[in-house]
2 protein chains.
Amino acid sequence: MPDDRQLAGGWAVTHLGYRFRDESLLERALTHRSAGAANNERLEFVGDAVLGLVTAELLFHGRPAAAEGPLTRLRARLVRKETLAGVARGLGLGAHVRLGSGELRTGGHQRDSILANALEAVIGAIFLDAGLDPARTVIHRLLGNLLDGLPDDQDLRDPKTRLQEHLQARGLPLPEYVVGSVAGAAHDQWFEVTCRLPADGRMFPGAGASRRAAEQEAATAALAALVPGQVTPDE
Amino acid sequence: MPDDRQLAGGWAVTHLGYRFRDESLLERALTHRSAGAANNERLEFVGDAVLGLVTAELLFHGRPAAAEGPLTRLRARLVRKETLAGVARGLGLGAHVRLGSGELRTGGHQRDSILANALEAVIGAIFLDAGLDPARTVIHRLLGNLLDGLPDDQDLRDPKTRLQEHLQARGLPLPEYVVGSVAGAAHDQWFEVTCRLPADGRMFPGAGASRRAAEQEAATAALAALVPGQVTPDE
């Protein structure tokens, strides 16, 4: 009867198309910190960087007209936790993640962060096992089909930027953002911001867990008023 | 008489130990956005990711006992703007950067951000010209000797973390951080924070351009009072 390591190794072959030379790397990549000191956090650190480079390369070639800002936002979209967790679920990765008893009880196998981090760790393990080329091949297989689903570079400009461009294009003065209040303890703070349009004095409120988030929400409200039907991507 | 491209190509050979196959990539990497649309911003996006991976790999092997948090902070230290600008100066990179007239007048050739971004763009250009291996070789040559100068993993814990650990180790209640005021316009905000130690009610002020910076400063003050001689690395 095959042990966990053999099962995981077989899973990598069938689901990632990659056969590990050193299966202990894969075992480590599938070990959540709740399961012990020999866990996947350091491999996740490497895998995150591998993913960052391969997606940068993909977007550089795939979006030849995109400037650095949109490229950065497109990549954030591609590698965000929810996206990676969805890919991990499609691979049935959760069944191979080793968790501590606490995480097991609370359904850690299905938690986005645990799945996304384990997938990053597996990518880091492939890179350390055999270098960038096989890691790139696996990442292309896992994320390549998501590239077409990404928004246009233009749509990815954040609301504050698009509001500024909208006003500049019409020769109108730029918006002013004023913090109304900051409340809450260090671990969960709440910002209330007002976006004022000097042209007509209209004010649009926004709130969020960061000043940036609050300002983006206020800018989104202003855009919605100025450009009915304006679509705003989630940031 | 050699033109700029030939001069830059020769500089890459003598100072980076790399000969470009496609010297137009190097020319692009050395063109600041102030000099035109065909600038180095997209190459900087790629180079930043190459640098991120190669330094992650260096630290993974060089700091086998470091957890993900310290590895992340060590890498931030290694690739921060000031460090890269210093390396760029050592290479005489500024003399080859193409700037617009405005930047030229204001001494852009010596600006940290311009030098650091150009160096990242050159690294991205090497990666696109010939792949990860030559880029890795160049990065090791440029940054390898900085690895020994990095602080211990322990020293890299941020002041808030070390203050919390200091108190926990002594069974004391954890500090409370309270925002006193937030002032300033969106582009330059100023936070004033107080760190209170419930054990004896002592309060330590901190201020900074971000809430995090202000809290770290307050925690540093508390640490200095609790642990005289405590050294705090710059964050």
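What you are looking at is a predicted structure, and each value in this text was computed from that prediction instead of being measured. A, B, ... follow the sequence lines: proteins, then strands. Residue 1 opens every chain.
- Using a 4.5 Å cut-off between heavy atoms, A/Leu43 contacts chain B through both its backbone and its side chain.
- Only the side chain of B/Val179 comes within contact range of chain A, judged by heavy atoms closer than 4.5 Å.
- When side chains are defined from C-beta on, A/Asn39 does not count as touching B/Glu68, because their heavy atoms never get closer than 4.5 Å.
- Of the two parts of A/Glu41, the backbone and the side chain both hold a non-hydrogen atom closer than 4.5 Å to a non-hydrogen atom of chain B.
- Rounding to the nearest 0.5 Å gives a distance of 6.5 Å between CZ of A/Phe191 and CZ of B/Arg211.
- For the atom pair B/Thr72 OG1 and A/Asp48 CG, the distance stands at 8.0 Å (nearest 0.5 Å).
- Between A/Phe127 and B/Leu132 the shortest heavy-atom distance is CE1-CD2, 3.9 Å.
- Comparing B/Leu51, B/Asp133, B/Leu128 by how many heavy-atom pairs each has under 4.5 Å with chain A, the most go to B/Leu128.
- Surrounding CZ of A/Arg196 are more than 12 heavy atoms belonging to other residues, nucleotides or ligands, all under 6.0 Å away.
- Heavy-atom neighbours of A/Arg111 CZ from other residues, nucleotides or ligands within 6.0 Å: above the threshold of 12.
- Heavy atoms closer than 4.5 Å to chain B are found in the side chain of A/Arg75, but not in its backbone.
- B/Gly52 and A/Ala49 make their closest contact through O-CB, 3.8 Å (heavy atoms, listed as atom of the first residue, atom of the second, distance).
- The CZ atom of B/Phe45 sits 5.5 Å away from atom CG of A/Leu59, with the distance rounded to the nearest 0.5 Å.
- Looking at A/Val50, both its backbone and its side chain come within 4.5 Å of chain B, counting heavy atoms on both sides.
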